[in-house]
2 protein chains.
Amino acid sequence: MDFQDQDTVGDNRYLVKPLYKAAQVLRTVCQSPTALTLKDITELCEIPKSTVYRYLYTMQKLDMIAHDPRSETYSPGLGLWWLMQTADPFANLRLVGRRQRRKLMKRFNATVSLGVLTGSQILYLEIIECSRSLRMRAQPGARDEVHSTALGKALLAFRPRSQWDALIPEKMVRRTANTIVVRRDLLENLEQVRRNGYAIERGENEDGASCIAAPIIDENGFSVASISVSLPTNQTSDALFSEIVAAVVDTCQIIQSRL
Amino acid sequence: MDFQDQDTVGDNRYLVKPLYKAAQVLRTVCQSPTALTLKDITELCEIPKSTVYRYLYTMQKLDMIAHDPRSETYSPGLGLWWLMQTADPFANLRLVGRRQRRKLMKRFNATVSLGVLTGSQILYLEIIECSRSLRMRAQPGARDEVHSTALGKALLAFRPRSQWDALIPEKMVRRTANTIVVRRDLLENLEQVRRNGYAIERGENEDGASCIAAPIIDENGFSVASISVSLPTNQTSDALFSEIVAAVVDTCQIIQSRL
DNA sequence: ACTTTAAGTTTCATGTGGTGAAACCTCGGT
DNA sequence: ACCGAGGTTTCACCACATGAAACTTAAAGT
C-alpha cells in the first residue's frame with residue numbers, strides 16, 4: 001500500500017550513495033501534492049541542505065526536477081515524463097477498455113480496479129472511483145498482497161501452477177478475520193477460481209468490503225492483468241453478485257480481444 | 001525532436017557527477033526499445049563497466065531499473081512508473097477528450113496531435129496516427145519549435161502578448177522553404193490566429209505536410225494545450241480545409257468545457 | 001527605517017567513498 | 001577440456017561529494 005520501503009538494504013557493497021539519496025529527494029518531490037521548497041525537502045529527507053541543494057541543482061539540469069524561481073519551489077520535471085513515454089510498460093493496458101471499465105463502474109456504482117502482478121503483490125494500475133460515500137482509499141500505484149485480494153487471486157489462478165509457489169508470499173499476512181492465511185486453502189481457492197473463471201473475496205482484505213475479479217488472458221492463456229468490482233459487503237445480494245460476476249467476466253473478455 | 005542535449009553545461013560547480021552519469025544510464029535503458037545487457041549500456045554510455053554495474057545495481061535497489069537474471073538484461077523499472085503516478089502533470093489532459101480526438105482522426109483519416117508549450121517548444125503529448133501510408137513520424141514526448149508548427153502558433157497566440165517575446169525562440173530555425181523565420185511576420189501571423197481562433201500551417205515544418213490547429217483555453221482565457229490535424233498538403237482542397245477547421249475548433253471547445 | 005529572522009547560496013577543509021583498471025569468476029560454444 | 005566473452009569482485013588512489021559554517025538576500029516584525 002505504501003511506497004516500497006528502502007530501509008533494509010542487504011548488500012551495500014555496490015550502492016552508490018549519491019544516487020540513493022538523490023532518489024529519496026526525487027521521490028519526496030514527486031510524492032508531494034504541492035511544490036516544495038528547499039527547506040521542506042531538507043526536513044523531509046533529513047539530508048543537509050547543501051547536499052539537497054546540489055542534488056536539486058543537478059536534477060534540474062537533468063530535467064528531472066523543475067525549479068520555479070518565483071516561489072523558490074521544486075516540482076517534478078518533464079524529463080521524468082519523457083522517460084515514461086518509452087518506459088511505461090502498462091500504457092496500453094490502461095488505455096484499452098477504459099470505457100468498458102467506466103461503464104462497469106456506472107452500472108453498479110462500485111469502484112472498478114485494474115491491477116497487474118509484480119512479484120507477489122498486486123499493483124493497482126487504475127482505480128475508477130464510484131460516487132458512494134464509503135469507497136476504497138487506494139491510489140493507482142498502490143499495492144496489496146495477492147492472497148487477500150480478488151484481483152490477486154484472479155491473476156494468480158491463471159498463471160502456470162508451477163509459478164504459484166513462488167508468487168504466493170512467504171508469510172500470508174492476515175488483514176482481516178476472513179483473510180486466507182493457510183497456503184493449502186489458498187491453493188484450493190485458486191483451483192476453484194480457475195474452474196469458475198472469476199475470483200471473489202468477501203472482507204478478506206478490508207473488513208466490510210467485497211470484491212469480484214476476473215482475469216485478462218493473453219494469447220498463451222496466461223493472465224496479464226485483472227479487473228475487479230468492489231463494494232460494501234452488506235449491499236451485495238446473491239442476485240447482484242452473480243450479475244456483477246457476469247459483467248466483469250464480460251468486460252475482461254471484451255478487453256482481451258482488443259489487446 | 002531528439003532527447004534534450006545535456007552536452008552544454010554552463011556552471012558545473014554544483015553538478016553531482018554520479019547523478020549526472022546515472023541519469024545517462026537510465027535514459028539509455030529507457031530509450032532502448034529492447035532490454036539491454038551491461039555491455040550494451042557500457043558501450044552506449046561510454047562509461048567503464050564497473051561504474052555502470054554499480055549504477056545499475058543501485059537503481060535496481062531503487063526499483064528504477066529491473067534486472068532479468070535469466071537473460072542478464074536491464075529494463076526500465078516500476079519505480080519510475082510509480083513516480084509518474086503523482087508527477088504526471090498532463091495525465092488529465094491526455095485523458096479528457098481522447099474519444100473526440102480519435103473521432104477527429106477517423107473522420108478525416110489524418111493524424112491528430114495534442115501538444116503543450118514547454119519553454120519555446122511544443123511538446124507532443126499524444127499523437128493519434130491515421131492509416132494513411134505517409135504520416136507523421138513523431139512520437140509522444142517529441143518536440144518541435146513553436147514558430148514552425150500550427151500547434152505552436154495556436155498555443156502561443158492565446159497567451160498574453162507580453163509573453164510572446166520570451167516564448168518565441170531567439171533564432172527561428174528554418175525547417176523548410178515556407179518556415180516563418182522573421183519575427184515580425186510571426187507576430188503578425190499570431191495576431192491573425194488570435195482573430196480567427198485557429199492556426200494553419202502549410203509545409204512550414206515538414207515539406208508537403210499541412211496542419212490545422214486550435215487552442216484549448218482555460219478559465220482565464222489562456223491556452224493550456226492545442227490540438228492539430230495534419231495531412232499531406234496535396235490532399236487538401238479548400239472545402240476540406242474549412243471543414244477541418246470547423247471540426248478542430250469544435251473538438252477543442254468540447255474538451256475545454258470538460259476540463 | 002532598523003532589526004531580526006528565515007531561507008537560499010557559496011565557500012572550504014576534510015576524508016569518505018566513488019572510481020576504473022585489472023583480476024577473477026562463470027558459463028556457453030567449439 | 002579449452003577458450004572467449006561477458007559479468008562480478010577486488011583494490012589502491014585521489015577526485016570530489018560532503019556538511020558545517022559563513023555569506024547573501026529578502027521579507028517580516030518592531
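Remember, it's a predicted structure, so these values are computed and weren't measured experimentally. Residue numbers start from 1 in every chain, and the chains themselves are labelled A, B, ... in the order their sequence lines are given, proteins ahead of strands.
- Here B/Leu190 contributes atom CG and B/Trp164 contributes atom CH2; the two are 4.5 Å apart, rounded to the nearest 0.5 Å.
- Listed nucleotides C/dT9, C/dT19, D/dT8 differ in distance to B/Glu72; the shortest reach to its side chain belongs to D/dT8.
- Residues B/Arg54 and A/Leu19 form no side-chain contact, since every pair of their non-hydrogen atoms from C-beta on lies 4.5 Å or further apart.
- For the pair A/His67 NE2 and C/dG8 C1', the interatomic distance rounds to 9 Å; values are reported in whole Å.
- Counting only heavy atoms from C-beta outward, the side chains of B/Tyr124 and B/Leu151 approach each other to under 4.5 Å.
- In this structure, CD1 on B/Ile216 lies 7.5 Å from CD on B/Gln256, to the nearest 0.5 angstrom.
- Going from atom NZ of B/Lys21 over to atom C1' of C/dG18 covers 9 Å, rounded to whole Å.
- At a cut-off of 3.5 angstrom, the base of C/dG20 holds at least one donor-acceptor pair with the side chain of B/Arg54.
- Note on A/Arg175 versus A/Glu145: no salt bridge recorded, every NZ/NE/NH1/NH2 to OD/OE distance being 4.0 Å or above.
- The line from CD1 of A/Ile47 to CD1 of A/Ile41 is 10.0 Å long, rounded to the nearest 0.5 Å.
- Following rounding to the nearest Å, B/Tyr57 (OH) and D/dT9 (P) show an atom-to-atom distance of 9 Å.
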Are any protein N/O atoms closer than 3.5 Å to N/O atoms in nucleotides 25-30 of chain C? If there are, list each pair with its distance.
none

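- The interatomic distance linking B/Tyr14 (OH) with D/dT18 (P) rounds to 14 Å, in whole Å.
- When distances run from any side-chain atom of A/Pro18 to the nucleotides D/dT9, D/dT18, C/dT11, the shortest one goes to D/dT18.
- Nearest heavy atoms, A/Ala199 versus A/Lys153: CB-CB, 4.0 Å.
- For the segment residues 42-52 of chain A, residues with any heavy atom less than 4.0 angstrom from an atom of DNA chain D are, sorted by number, A/Pro48, A/Ser50, A/Thr51.
- Among the nucleotides D/dT10, D/dG7, C/dG8, the one closest to any side-chain atom of B/Leu38 is D/dG7.
- Ring geometry for A/Tyr57 versus B/Tyr14: interplanar angle over 60°, hence perpendicular rather than tilted (30 to 60°).
- Using a 4.5 Å cut-off on side-chain heavy atoms (C-beta onward), A/Leu114 and A/Ile128 make no contact.
- Nearest heavy atom pair, residue A/Gly197 against residue A/Pro215, reads O-CD, 3.5 Å.
- Between A/Arg13 atom CZ and D/dT8 atom P there is a gap of 11 Å when expressed in whole angstrom units.
- Distances were taken from every side-chain heavy atom of B/Tyr55 (C-beta onward) to each of D/dT9, D/dG7, C/dT19; the shortest belongs to C/dT19.
- Under the 4.5 Å side-chain criterion, counting only non-hydrogen atoms from C-beta, A/Val25 is not in contact with A/Thr51.
- Protein atom OH of B/Tyr53 is 21 Å distant from nucleotide atom P of D/dA5, rounded to whole Å.
- Position along DNA chain C of the nearest nucleotide to A/Thr37 versus A/Val16 favours A/Thr37 as the more 5'-ward residue.
- Computed from coordinates, the A/Arg70 CZ to C/dG8 P distance equals 17 Å when rounded to whole Å.
- Defining each end axis of the helix from C/dA1-D/dT30 to C/dT30-D/dA1 as the rotation carrying four pairs' C1' atoms onto the next four, with five pairs an end, the two axes are found to diverge by 40° to 10 degrees.
- To the nearest angstrom, C1' of C/dT19 lies 15 Å from NZ of A/Lys17.
- Considering CG of A/Leu36 and OG1 of A/Thr42, their distance stands at 10.5 Å, rounded to 0.5 Å.
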